[in-house]
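Worksheet: one structure, shown below.
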Amino acid sequence: MSGAATAAELVAEAIARLARKYPFYGAVLARGEVRPEPVGTLAVTIRGNRLAFLYDPEFVRTTPADVLVGGLHHEVLHVVLGHLEADPSKSPDREARVVAEEVTCNEHIQEPLPPDVLRHHQFGLPDGEGTEVRYARLAATNPDPPTGNSVQDQGNSGRWCGGFGPRT
């Protein structure tokens, strides 16, 4: 059995576990393509008008199964919360947008996540806010959004959620 096949089996099992616990999210995953790609961790994107859930085989092989389920849950939440369809021109502070999306997804995940993922409380954000409200709060701390990042010194925002990759 090759290393890639082992990673594919681990991802398939994590998807099955997620679908048993959250059938709706399992249905979202089933509507997309799941494939290996050197993204460093996990990612979700749209390619050719189709969802693509990407996983790095080495990351999958070295990640505990419950954390992998949490990571898939995180990527599905990006889809469910509309992050893939967000208009970048409405969020000129890219770092604030990424942090707002990441912390909003992570707030709703009960499965374990890597210890260094972004959490809303790191940025002084209240519980239960949506991505757009959080973006506005974070971007407001930056006096020059097009040329700077409002949150680079708060938490570990530059690390793309401490393990789960950017959406391309």
Side-chain angles (χ1 to χ4, degrees), residues 11 14 18 22 24-25 27-29 31-56 59-60 63 67-168:
V11 168
L18 183 74
Y22 308 101
F24 174 77
Y25 296 153
V28 172
L29 269 163
R31 306 219 3 111
E33 176 184 15
V34 179
R35 61 189 238 196
E37 199 162 303
V39 293
T41 56
L42 302 173
V44 62
T45 190
I46 298 174
R47 292 196 177 147
N49 293 323
R50 185 159 187 225
L51 281 173
F53 293 95
L54 311 174
Y55 66 91
D56 191 297
F59 173 78
V60 169
T63 299
V67 174
L68 188 56
V69 172
L72 290 169
H73 190 170
H74 173 95
E75 298 305 332
V76 168
L77 284 173
H78 281 302
V79 176
V80 172
L81 295 173
H83 296 164
L84 296 177
E85 294 86 25
D87 181 352
S89 70
K90 294 182 180 177
S91 303
D93 185 333
R94 187 67 191 135
E95 188 79 359
R97 182 66 194 192
V98 168
V99 170
E101 290 177 356
E102 297 300 316
V103 301
T104 301
C105 287
N106 291 340
E107 181 179 11
H108 301 288
I109 298 173
Q110 294 179 7
E111 294 80 22
L113 293 171
D116 57 350
V117 298
L118 300 180
R119 302 290 186 170
H120 66 285
H121 56 81
Q122 289 174 265
F123 301 93
L125 299 170
D127 294 347
E129 290 184 325
T131 304
E132 300 305 324
V133 172
R134 287 179 170 163
Y135 170 76
R137 285 182 187 276
L138 292 166
T141 67
N142 188 357
D144 193 9
T147 61
N149 291 323
S150 65
V151 294
Q152 62 189 178
D153 294 325
Q154 299 178 37
N156 59 353
S157 56
R159 297 194 51 202
W160 292 94
C161 189
F164 305 117
R167 290 151 320 282
T168 57

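None of the values given here were measured: they were computed from a predicted structure. Throughout, residue positions are numbered sequentially from 1 according to the sequence presented.
In this view, Pro126 and Glu129, Arg137 satisfy the side chain to side chain contact (heavy atoms under 4.5 Å, CB included) rule, not counting sequence neighbours. Residues forming a side chain to side chain contact (heavy atoms under 4.5 Å, CB included) with Asp127 (at least two apart in sequence, or on another chain): Glu107, His120. Residues passing the side chain to side chain contact (heavy atoms under 4.5 Å, CB included) test with Ser91, sequence neighbours excluded: Arg97, Tyr135.
When all heavy atoms of Ala96 and Ala139 are compared, the closest pair comes out as CB-N, 3.9 Å. The minimum heavy-atom distance between Ala100 and Leu138, with the atom names listed, is N-CD1, 3.8 Å. Closest approach of Val67 to Pro114, counting heavy atoms only: CG1-CD, 3.7 Å. Here the closest heavy-atom approach between residue Asp56 and residue Val39 is recorded as OD2-N, 3.5 Å. Listed here is the closest heavy atom pair of Cys105 and His83: SG-CE1, 3.7 Å. Taking both residues in full, the closest heavy atoms of Glu101 and Ala86 are given as OE2-CB, 4.5 Å, listed atom of the first, atom of the second, then distance.
A distance of 8.5 Å separates CG in Leu77 from CG in Asn106, rounded to the nearest 0.5 Å. Distance check, rounded to the nearest 0.5 Å: CG of Leu72 to OH of Tyr25 gives 13.5 Å. Taking CG from Leu125 and OG1 from Thr104, the interatomic distance works out to 8.0 Å, rounded to the nearest 0.5 Å. In this structure, CG on Leu68 lies 10.5 Å from OG1 on Thr41, to the nearest 0.5 angstrom. Here the CG-CZ distance, from Leu54 to Arg35, works out to 6.0 Å after rounding to the nearest 0.5 Å. Remark: His78 NE2 to Thr131 OG1 distance equals 9.0 Å, nearest 0.5 Å.
Here the options are Leu29, Ile46, Thr45, the test is side-chain contact (heavy atoms from CB on, under 4.5 Å), and the partner is Leu51; only Ile46 passes. Between His73 and the options Tyr22, Phe53, Phe24, a ring pair (Phe, Tyr, Trp, His ring centres under 6.0 Å) holds for only Tyr22.
Side-chain contact between Thr63 and Leu42 is absent, with no heavy-atom pair separated by less than 4.5 Å. Counting heavy atoms from C-beta on, the side chains of Leu84 and Val44 come closer than 4.5 Å.
Side-chain N/O atoms of His74 and Glu111 include no donor and acceptor closer than 3.5 Å.
Summarising the local packing, CG of Asn49 is surrounded by 12 or fewer heavy atoms from other residues, nucleotides or ligands at distances under 6.0 Å.
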